[in-house]
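Structure, as structure tokens:
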Amino acid sequence: MPPPTTPASAPASEALFARARTVIPGGVNSPVRAFQAVGGTPRFVASARGPHLYDADGREYVDLLCSWGPMLLGHAHPEVVAAVSEAVARGTSYGTPTEAEVLLAEEIVARTPVDRLRLVSSGTEATMSAIRLARGFTGRDVVVKFAGCYHGHVDPLLAAAGSGLATFAMPGTPGVPEAVTARTIVLPYNDEAAVTAAFAEHGHEIACLITEATPGNMGVVPPAPGFNRFLSETCAAHGALFVSDEVMTGFRITSSGRWGLDGAVEGWRPDLMTFGKVMGGGFPAAAFGGRADVMAHLAPEGSVYQAGTLSGNPVAATAGHTTLRLATDAVYAHVDRAAETVREAATAALTEAGVPHVAQHDRNMFSVFFSDDDAATPVTDFAGASRQRLDRYAAFFHSMLDSGVHLPPSAFEIWFLSAAHDDAALDRIVSALPAAARAAAAVPDPAPGRTA
Ligand SMILES: *Cc1c(COP(=O)(O)O)cnc(C)c1O
């Protein structure tokens, strides 16, 4: 699907991409970075500062990726750089306990409902470990998840829905054995009846239900009012654990994550939570935590095994702790406002150009669905998120890139803002939007019988 605009050339990135592809599958270390969904050459970034990325050709981009969420404060924040530099100079890993990991754990416990937590190195490790702990704690096997929610590349969660509701799932990728997804149930998001039916049939076997606190990996699909609480209560009624995955939302949409928006008000809390992204301050750090009695089942106190050579790494823990300390209410107020500015400008530009779309948000997390029908129906689940004109997004993306704005290279991803996105950066985004909207509008409709 070649983009209709002529992309600005990026010779240094092209040369690096060619070299990368010979030694790294697809030339990337995480698939979406390869630009396959939008075509063209990914930009190899040489440095970043504040709201900007600088590529290997020396071009500057206003960054709407923010490393897929973590860079809440913007790039190379001076206080984070200083704290990390001091930590590096003291040695980078000891394999012993350190004060840095205590400080980070205390900060997370103070801000969230988790009693205790364990630090790991990636969001994938956090959700994988939370599920093992839930299975070990309950003595049950079955895990329930929602289609379109992403919890990292954890084998039992790389699952596609079975043939009917409340039936067991199929592997979502080659390499995951059927036996592994045979204990996973995949349900449509925001569908209380499907959850009720699955628990009615399998409630006594269900170890946990895991959900994104606000799904952000199929675009932003907020939970219907009361949905998270309903999930929590349904789990409790069946002796299953409610696992709220806040790897993306945690410390991104509020200082405590999405839980703070409903649980803190309504008086419930998840049994287990997972965190990552922002809490690592741009380093590989993540965590899972929750109820003290559940966490006590983890080795060495309990019998559920879990470990990591670099878990709680002192440099990563310092970056995370410093970032959380700097993530004040004023930071969230700024990022919320910046996101609203961009979201409203995008909607205005697309409306003006006649491009059907739906912009959805939860605080500063937002995404734009390039709807495949003129009705631009609100998206409540993965089936809805999948009905998009990906060809229009590709044209839109490349126009923005040529104007010096780096959007996520996939229509299913969030446009992330940071505290470093100042008026100048926002102006550059806003002024690039009309041409990008016109480029999207110029994409011809697919021939009848073909889908986009
Ligand atoms: C990013 C993400 C993960 C996976 O984290 P990694 O650090 O990429 O392994 C898990 N859950 C959610 C909700 C995420 O957004």
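All figures in this text were calculated on a predicted structure; none of them were measured in a lab. Every number for a ligand or one of its atoms is a count from 1 in the order of the listing.
The aromatic rings of Phe397 and Tyr393 lie tilted to each other, with the angle between the two planes from 30° to 60°. Between Phe275 and Phe251, the ring-plane angle classifies as tilted under the 30° and 60° cut-offs. Ring geometry for Phe199 versus His238: interplanar angle of 30 to 60°, hence tilted. Classification of the Trp415-Phe366 ring pair by plane angle, with boundaries at 30° and 60°, yields tilted.
The immediate protein surroundings of ligand 1, defined as residues with any heavy atom under 4.0 Å of it, consist of Ser122, Gly123, Thr124, Tyr150, His151, Gly152, Glu212, Asn217, Asp245, Val247, Met248, Lys277.
Between Arg183 and Glu205 there is a salt bridge, with a side-chain nitrogen of the basic residue lying less than 4.0 Å from a carboxylate oxygen of the acidic one.
Residue His153 places its NE2 atom among 12 or fewer non-hydrogen atoms of other residues, nucleotides or ligands, all under 6.0 Å distant.
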